[in-house]
2 protein chains.
Amino acid sequence: MAVTLADVAARAGVSAATVSRVLSGNYPVAGATRSRVLRAVEELEYVVNGPASSLAAATSDLVGVLVNDIADPFFGIMASAVQSEMEPEKAGGKLAVVCNTGGSPERELTYLTLLQRQRAAAVVLTGSAVEDPAHTEALSTRLRRLAAAGTRVVLCGRPPLPEADGDSGRDGEKDAVDGGAPLTVAFDNRGGARRLTGHLLALGHRRIGYVAGPAERTTTRHRLEGHRAALADHDRALLAEAERLTVHGAYDRSSGYDGTLELLRREPGLTAVLAANDTVALGVCAALREAGLSIPGDVSVAGFDDLPFSADASPALTTVRIPLHDAGARAGRLALGRESAPPGGVATVRTELMVRASTAAPRANQPAAQAG
Amino acid sequence: MAVTLADVAARAGVSAATVSRVLSGNYPVAGATRSRVLRAVEELEYVVNGPASSLAAATSDLVGVLVNDIADPFFGIMASAVQSEMEPEKAGGKLAVVCNTGGSPERELTYLTLLQRQRAAAVVLTGSAVEDPAHTEALSTRLRRLAAAGTRVVLCGRPPLPEADGDSGRDGEKDAVDGGAPLTVAFDNRGGARRLTGHLLALGHRRIGYVAGPAERTTTRHRLEGHRAALADHDRALLAEAERLTVHGAYDRSSGYDGTLELLRREPGLTAVLAANDTVALGVCAALREAGLSIPGDVSVAGFDDLPFSADASPALTTVRIPLHDAGARAGRLALGRESAPPGGVATVRTELMVRASTAAPRANQPAAQAG
DNA sequence: CTGTTAGCGCTTTCAA
DNA sequence: TTGAAAGCGCTAACAG
């Protein structure tokens, strides 16, 4: 039915092998022959059969990119960056397969299987990992098998996998074969959160609410840890309050809204609210406004990530910038083997505090004499 | 190297064919045999070789989704919806391949070729099309070939392809084979824009600036047409001004910003600015604020699309809602053949005017006595 | 219900 | 520099 290599070969008066060599370009072919073949390809509108060539060559040009939520710019930016590294011009037409896990661990595993089935050349897992031990175990297993099957695995925006316990001795040999643990591009969420809370503390805030992400995510935990570390640094007494002033929710707008209402209920004297990310911060602002509170007059608000809309929010959002594009691009290059692995296999990208209009000193700037 | 069907067959003491049948599940196999096979699969950690099975079966479970900008929620939402229709539970593990064209016609064609090479089961093209005749021609050709090769083609958020000239007679036969023109889920951009401008006009605005998208896009053109139709409806004299009060830019924040500055230069008496979409509107608001103009006190602003952040903007953005998720889901179902084609092959989804706080009557609401 | 037998279209030694 | 031939791993008739 469709035009095949053989058809092209016949038309060009050469063997199929020659056509294959011309097309893959990694083998010397006489100039005249080559152009004859190319012409035949044109005339017949020949398009390589990917599955057939993947089968024969035992490789594929698919690269999987797993994201929690493709409609969220946080992931969109990373996915776009990963893909930008495999543009046809740059990397011989690799195809990025963006898979939307919706944050579900099962779907994550399912997609990984699907990708393994496609014999993907590489897989990039973006965003926070779910910290359930059973899932971590299952995930490690899957990734190990993928790696063993020759698929490059890269983590972007999540910490390296925990070490598999107890068999490091045996692994020595295997590592040499499959390249060992997945390469990682991690974000300094902890440091960013710490600086952000430090900024609020320096402004004089003491009653700081925190609308955190889902409890079992690495990103959530790291940001929360950074927040509390800053609190502890400043005054250990603040730490006692921290628990009460923290609520958890999804990484979306409505969690910010609902969470803020809850926080206000628990502590009407709140002078600042920290959000799990910028999207959540939008919800926080909405709830605050509806409660008749001005930002930052009555309450300061800050987000995390510095998504494009954050600078344009009104007031412009104080947040922590993560170089998502750079990180994604780097992950893409690692996935294609176009960049050498960082020392230890883990590259941590810096985060940067972006102070904007949504944070200011609390109205009655009393130096927390009572609490301290 | 890797475990193959034959290995599983040997282990289970059956033929390869039987294993294949158990795995694909579309053929009767005795219960006992089935479980024996399944156990062997488990024990050997067997994962089907996708390329091999695609080759043999002459089908693939890849579905391509072309987007202009994956980091833009407008596309993210559609892509997510398309993909949600092929969750493993719903449609036997189809893999959505999201391809980022960056709005480049060449890349669009390149990805289409790549997808054809993979023998994709379907392809969904989202968002506005570039209106260059040469590109339209090239695109039609590609899509025709894809369809001829058995790939389902669906357009989502763009108008149906213009009819190929002159060979409709001959096509009769071909249509029966490849299903004819691509199925289309189109947006009523024109109607939405018309209602939006109508809304401003009703409020009393007469000097309305328009920051349009890139000139050669269908979406841009349709929205602009709707805008001008509303102007003409109200008072043909306004049409004369329209040209002068329109600037073009990309669908991003900075075009809104720059465009507004330019509009203000051309017409300091502007009482309203319409943006190509919500993202652009954010830039418009920023520029206005920096110019010391209040929204909507001095100038009203409206966007298009109703992306999630729009309701939370401050002031909340008046805009035109497009049911992006529904549209994407529908496109996904059409792509998988799980929903029958709409009459004529084109489904137009309604758009809805969302009036919020960013638009209000102009300060000095003079009934345009001078112009009318 | 299960096994046998051909390929699917391409890549890749191995010769020439 | 080119051709011949042997698969890659799986599916799909076709028997039985």
Side-chain angles (χ1 to χ4, degrees), chain A residues 1-38 40-41 44-62 92-93 114 116-121 149-150, chain B residues 1-38 40-41 44-62 92-93 114 116-121 149-150:
Chain A
M1 198 182 80
V3 179
T4 72
L5 239 208
D7 298 329
V8 177
R11 174 117 189 179
V14 297
S15 73
T18 301
V19 177
S20 171
R21 295 198 262 249
V22 169
L23 261 23
S24 55
N26 48 19
Y27 205 88
V29 174
T33 314
R34 132 174 277 95
S35 48
R36 203 139 34 89
V37 168
L38 259 15
V41 167
L44 297 173
E45 298 175 358
Y46 172 68
V47 175
V48 181
N49 182 315
S53 84
S54 290
L55 172 58
T59 62
S60 121
D61 45 12
L62 256 40
L114 245 28
Q116 180 174 354
R117 169 183 303 186
Q118 298 296 336
R119 302 300 188 255
Chain B
M1 196 182 79
V3 180
T4 72
L5 239 208
D7 298 329
V8 177
R11 174 119 189 178
V14 298
S15 73
T18 299
V19 177
S20 171
R21 295 198 264 249
V22 168
L23 263 24
S24 55
N26 49 18
Y27 207 88
V29 174
T33 315
R34 135 174 274 97
S35 49
R36 204 139 35 87
V37 168
L38 258 15
V41 167
L44 297 173
E45 298 176 357
Y46 172 68
V47 176
V48 181
N49 183 315
S53 83
S54 290
L55 173 56
T59 62
S60 122
D61 46 13
L62 257 41
L114 246 27
Q116 179 174 355
R117 167 183 305 186
Q118 298 296 334
R119 302 301 189 252

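Letters A, B, ... are given to chains in the order of the sequence lines, protein chains preceding strands, and every chain is numbered from 1.
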(request) Might you point out which heavy atoms bring B:Arg34 and B:Val22 nearest each other, and give the distance in Å? (result) NH2-O, 3.8 Å
(message) Could you measure the distance from the CD atom of A:Glu45 to the CD atom of B:Gln116? Nearest 0.5 Å is fine.
(response) 9.0 Å
(request) Test for a donor-acceptor pair under 3.5 Å between the base of D:dG9 and the side chain of A:Arg119, counting only N and O atoms. (result) no
(request) Provide, to the nearest angstrom, the distance between the CG atom belonging to B:Leu5 and the C1' atom belonging to C:dG3. (result) 14 Å
(request) May I ask you to list the residues of residues 22-37 of chain A, by number, that have any heavy atom positioned under 4.0 Å from an atom of DNA chain C? (result) none
(request) Taking only the side-chain nitrogens and oxygens of B:Thr4, find out if one of them lies under 4.0 Å from OP1 or OP2 of D:dG9. (result) no
(request) Give the nucleotide from the list C:dC8, C:dT4, C:dC10 with an atom nearest to the side chain of B:Ala17. (result) C:dT4
(request) Could you tell me the separation between the CG atom of B:Leu44 and the P atom of D:dG9, rounded to a whole number of Å? (result) 14 Å
(request) Could you tell me whether a side-chain N or O of A:Ser24 sits under 3.5 Å from a main-chain N or O of A:Ser20, the two making a donor and an acceptor? (result) yes
(message) The side chain of A:Arg21 is closest to which nucleotide in this list: C:dT11, C:dT13, C:dG7?
(response) C:dT13
(message) Under a 3.5 Å distance rule, please check whether B:Ser54 uses its side chain to pair with a backbone N or O of B:Thr59 as donor and acceptor.
(response) yes
(message) Please give me the minimum heavy-atom distance between A:Val3 and A:Leu44, naming the atom from each residue.
(response) CG2-O, 3.5 Å
(request) Kindly say whether B:Gly50 contributes a backbone atom to a donor-acceptor pair with the side chain of A:Arg117 at under 3.5 angstrom? (result) no
(request) Counting heavy atoms from C-beta on, name the nucleotide in D:dA4, D:dC8, C:dG3 closest to the side chain of A:Ser15. (result) D:dA4
(request) Output yes when at least one side-chain N/O atom of B:Ser20 is less than 4.0 Å from OP1 or OP2 of D:dT11, else no. (result) yes
(request) Looking at every strand, decide which applies to A:Val14 at a 4.0 Å heavy-atom threshold: base, sugar-phosphate, or nothing. (result) sugar-phosphate
(request) Round to the nearest Å and state the distance from A:Leu55 atom CG to C:dG7 atom C1'. (result) 12 Å
(request) Determine: side-chain N/O of B:Thr18 to OP1/OP2 of C:dT2, distance under 4.0 Å, yes or no. (result) no
(request) Using side chain to side chain contact (heavy atoms under 4.5 Å, CB included) as the criterion, list what pairs up with B:Ser53, not counting sequence neighbours. (result) B:Val48
(request) Using atom CG of A:Asp7 as one end and atom P of C:dC10 as the other, report the distance to the nearest whole Å. (result) 9 Å
(message) If the cut-off is 4.0 Å, is A:Ser53 near the phosphate of C:dC10, judged by side-chain N/O to OP1 or OP2?
(response) no
